[in-house]
Number of protein chains: 2
Amino acid sequence: MTDATVLQPSAMLRRAGLRVTQPRLAVLDALARHPHAATDVLIAAARETRSVSHQAVYDVLHTLSDLGLVRRIQPAGSVARYELRVGDNHHHVVCRSCGDVVDIDCATGSAPCLDPSELDVHAPGFVLHEAEVTYWGLCATCAGSAEPQPDLTAPSRTASSRTTEKRKNRV
Amino acid sequence: MTDATVLQPSAMLRRAGLRVTQPRLAVLDALARHPHAATDVLIAAARETRSVSHQAVYDVLHTLSDLGLVRRIQPAGSVARYELRVGDNHHHVVCRSCGDVVDIDCATGSAPCLDPSELDVHAPGFVLHEAEVTYWGLCATCAGSAEPQPDLTAPSRTASSRTTEKRKNRV
DNA sequence: CCCTTTTCCGGAACGAGTCAAGACAACCGG
DNA sequence: CCGGTTGTCTTGACTCGTTCCGGAAAAGGG
């Protein structure tokens, strides 16, 4: 619901009590253009707008995600990825082959969206904040072809399939 | 259900077509004694049994998880953790403060245990393997005290709270 | 327009995990 | 029981994502 892109980036920064700086605007723009992108992709994208240090991008991403203006996700085996869509507790579909990520609406829309059947039994006293659901499988493209397809939002190089590919030659 | 610990470790290796070696037995023993442990904890634990190289532990963990004899989990912001409990598609409760992980039974017990409401709409043709659910919040201990409690299965040092702690001083 | 404070920069450093090549030891067959 | 084959382990260097540090720059209030 609260997709941050609908707000003017500078307004959204100010409203959060942050200074409006060129690096921040560049990163926000990069985020809008590359949903679920890894940090190095965002660095490259932000540099299309303006010269920014990699450290600044890391700083901006930290600040924004700490304030809840962007959401940070990190599927197992992947590096951190960021998205502007926040506020709804939507979930993610992740392709095991190419690492591509797609959003899926949450059934209830509010976190926690699931009732852990036996939370009290196994973790008495646990204070639940949210339930994160990750759907794993193969995207249409990868399911069709044996070879993993490149995912442009994954960390540069070829794809995130370094792990996947190596594993095949093990065992 | 299929908790690998109920099997004799050597039998379980042989049945998987693997050689029974000292490093593997040491790692399996370490896994049994330290559920959800990070790799460096497992290395230390395995060395209580026998001298093992860190690389051997990584190799063993890769081999075993590729064959499905151990399960590898990696909550966002955490390093890889391993557990012997496999076969059921159980889920995890993770403390945001200390990083401690607790198992929770899956409602249906088989993967995928959730029906993604709008999978076809957002990711047409996606072949779903499983749904991974992670419950985030605060464990009883951390919810009570402001200070995060050490989690002995987390990567050595103090706790996994390096990230958490730093963030508090940012913004 | 100046001052304070936040933010950014550059570079060094760190830690988890991987790669590579040779040594070693399980297991099989004889 | 022994020797050869092949899978496994060791050692050590290395990659990559991310963080730490300290000084420089610039945003915004007065």
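Note that the coordinates shown come from a computational prediction; the quantities given were computed from them, not determined experimentally. Reminder, nothing fancy here: chain letters follow the sequence lines and each chain counts from 1.
Arg96(B) places a side-chain heavy atom less than 4.5 Å from the side chain of Glu130(A).
Going from atom CG of Asp66(A) over to atom P of dT7(C) covers 12 Å, rounded to whole Å. Going from atom OH of Tyr82(A) over to atom P of dT18(D) covers 6 Å, rounded to whole Å. Here dT7(C) presents its P atom at 10 Å from CG of Leu64(A), a figure rounded to the nearest Å. Spacing between atom CZ of Arg72(B) and atom C1' of dG17(C) amounts to 9 Å, rounded to whole angstrom units. The distance from atom CZ of Arg24(A) to atom P of dT6(C) is 11 Å, rounded to the nearest whole Å. Here the C1' atom of nucleotide dC27(C) and the CG atom of Leu13(B) are 14 Å apart, to the nearest Å. The nearest whole Å value for the distance from the CG atom in Leu61(A) to the C1' atom in dT18(D) is 12 Å. The interatomic distance linking Leu28(B) (CG) with dT8(D) (P) rounds to 13 Å, in whole Å.
Side-chain atoms of Asp40(B) and His54(B) include no donor-acceptor pair closer than 3.5 Å. Side-chain contact, His92(A) with Asp103(A): a donor N or O sits under 3.5 Å from an acceptor N or O.
Using a 4.0 Å heavy-atom distance criterion, Ser10(A) is classed as making no nucleic acid contact. Residue Ser78(A) is classed as having no contact, given no heavy-atom separation below 4.0 Å to the nucleic acid.
With salt bridges taken as basic N to acidic carboxylate O contacts below 4.0 Å, one links Arg33(B) and Glu48(B). Under a 4.0 Å N-O distance rule, the pair Arg85(B)/Asp105(B) qualifies as a salt bridge. No salt bridge links Arg71(B) with Glu132(B); every basic N to acidic carboxylate O contact stays at or beyond 4.0 Å.
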Under 4.0 Å protein heavy-atom contacts per nucleotide of nucleotides 24-30 of chain D, with B for base, S for backbone only and - for none
--BBS--
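Here the CD1 atom belonging to Ile43(A) is positioned 5.0 Å from the OH atom belonging to Tyr58(A), to the nearest 0.5 angstrom.
Contact annotation: Thr39(B) side-chain N/O to dG17(C) OP1/OP2 distance is under 4.0 Å.
Of all the heavy atoms in Cys139(A) and Phe126(B), the pair that sits closest is CA-CD1, 3.3 Å.
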Write down the protein N/O and nucleotide N/O pairs, taken from nucleotides 11-13 of chain C, whose separation is under 3.5 Å; answer none if there are no such pairs.
from	atom 1	to	atom 2	distance (Å)
dG11(C)	O6	Gln55(A)	NE2	3.2

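Out of dC8(C), dT10(D), dG17(D), the shortest distance to the side chain of Ala56(B) is found at dT10(D). Checking dC9(D), dA16(C), dG10(C) against the side-chain heavy atoms of Asp59(B) singles out dC9(D) as nearest.
Looking at residues two or more places apart in sequence or on another chain, you find no ring pair (Phe, Tyr, Trp, His ring centres under 6.0 Å) involving His34(A).
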